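What you are looking at is a predicted structure, and each value in this text was computed from that prediction instead of being measured.
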Amino acid sequence: MSQADHNIYKGAFLMLLAGLCFVAVTALVKLLDGRVPASEAAFLRYIMGVFLFLPMLRGVMRAPLTGRQWRLIGMRGAVHAIGVSLWFYAMTRIPLAEVTSLGYLTPAFVTVGAVVALKERLAMRRVLAVACALLGALVIVRPGFRALDPGHVAMLGTSVFFAVSYLTAKILADEVPASLIVATLSVSVTIGLVPLTVPVWVTPDAYALAVLFGVACAATLGHFLMTLAFREAPITVTQPVTYLQLVWAVALGALFFAEPVDLWVIFGGSIILAAVSFITWREAMLKRRPLTPVSPETKL
């Protein structure tokens, strides 16, 4: 086996482990079962994450930034905070598989948003891929054929807000170090969640704090493994591996939360995954910097 092949397999394996960490995040949030409000749960998770990032924060926060860059960071923190709150709420309302599947819509929304924010050309192949992704979402939600839960609306909102967040990150990535973008996101989201948390604050018990600490640790480890995977293998290899999360989510939901296996959700999720995979593959083939973020990034 050549070194290149070894790196590809290593990258795929690291992304597999990262995916397991991100699914563990969703399962842990599910265990909270509404013990604390969604915005408060998100705030506690992020403030714990800030403490985990403290060794890195001291260095990167000294970097000189322009007023425009600070405004972009602040805007990203605000929209990401709303998206995270909606995601935590959706986790208390709908099955794991549906949360995971609808979360894959974010790259499709990023593709559309890039036309407005980054002046990218919306080629017909992108239009068709986005249309297929939205069709997959309709298959999952099936409006008119079953009751539409507020959790579905929350997840659709989550995908939109996360798309805005990652488009902003794309703009910043051309101007500032990646480590600073990651660090400032943790801080700005924590601050952005404060006004959403204070009005609904409920003193958390030890169980809730322990679960949320587990969420912060799993999310941090997942991002670390994902970064290592990107170093070892191209995105065309790592991207498809992330979609195994749908398999893990279906299995976890069935085994531990008594959630029925809905074949329509799997079918709709597969349509979305195929569409996003096509967008990612085309970006790689055109030798552009991949615009579409890998789906686990959209949760945390």
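- The backbone N or O of L196 lies less than 3.5 Å from a partner atom in the side chain of S39, making a donor-acceptor pair.
- Here the CG atom belonging to L212 is positioned 5.5 Å from the CG atom belonging to L44, to the nearest 0.5 angstrom.
- Checking side-chain atoms of S188 against main-chain N and O of L185 turns up a donor-acceptor pair under 3.5 Å.
- Heavy atoms from other residues, nucleotides or ligands lying under 6.0 Å from CZ of F267 number 12 at most.
- F43 is linked by a side-chain contact (heavy atoms from CB on, under 4.5 Å) to I47, T190, L193, V194, T197, W201, counting only residues two or more places apart in sequence or in another chain.
- A pairwise comparison of heavy atoms in A229 and G11 identifies CB-O, 3.4 Å as the closest pair.
- Sorted by first and then second residue, the salt bridge (charged side-chain N to carboxylate O under 4.0 Å, His left out) pairs involving residues 242-271 (not counting sequence neighbours) are K30-E259, R142-D262.
- Taking the charged nitrogens against the carboxylate oxygens, R45 and E40 have no contact shorter than 4.0 Å, which rules out a salt bridge.
- Note: H80 and Y46 have perpendicular aromatic rings, judged against thresholds of 30 and 60 degrees for the angle between ring planes.
- Counting only residues at least two apart or in different chains, side-chain hydrogen bond (donor to acceptor under 3.5 Å, both in side chains) contacts with residues 203-219 comprise R35-D205.
- Atom OG1 in T100 sits 9.0 Å away from atom CG in L252 (nearest 0.5 Å).
- Here the side chains of E98 and H152 are in contact, with some heavy-atom distance below 4.5 Å.
- Within the 3.5 Å criterion, the main-chain N or O of L102 finds a donor-acceptor partner in the side chain of S159.
- The OH atom of Y104 lies 5.5 Å from the CG atom of L273; values are rounded to the nearest 0.5 Å.
- In terms of modelled atom types and a separation under 3.5 Å, the side chain of S165 and the main chain of V79 share no donor-acceptor contact.
- Put simply, the side chain of L225 does not reach to within 4.5 Å of the side chain of M15, judged on heavy atoms.
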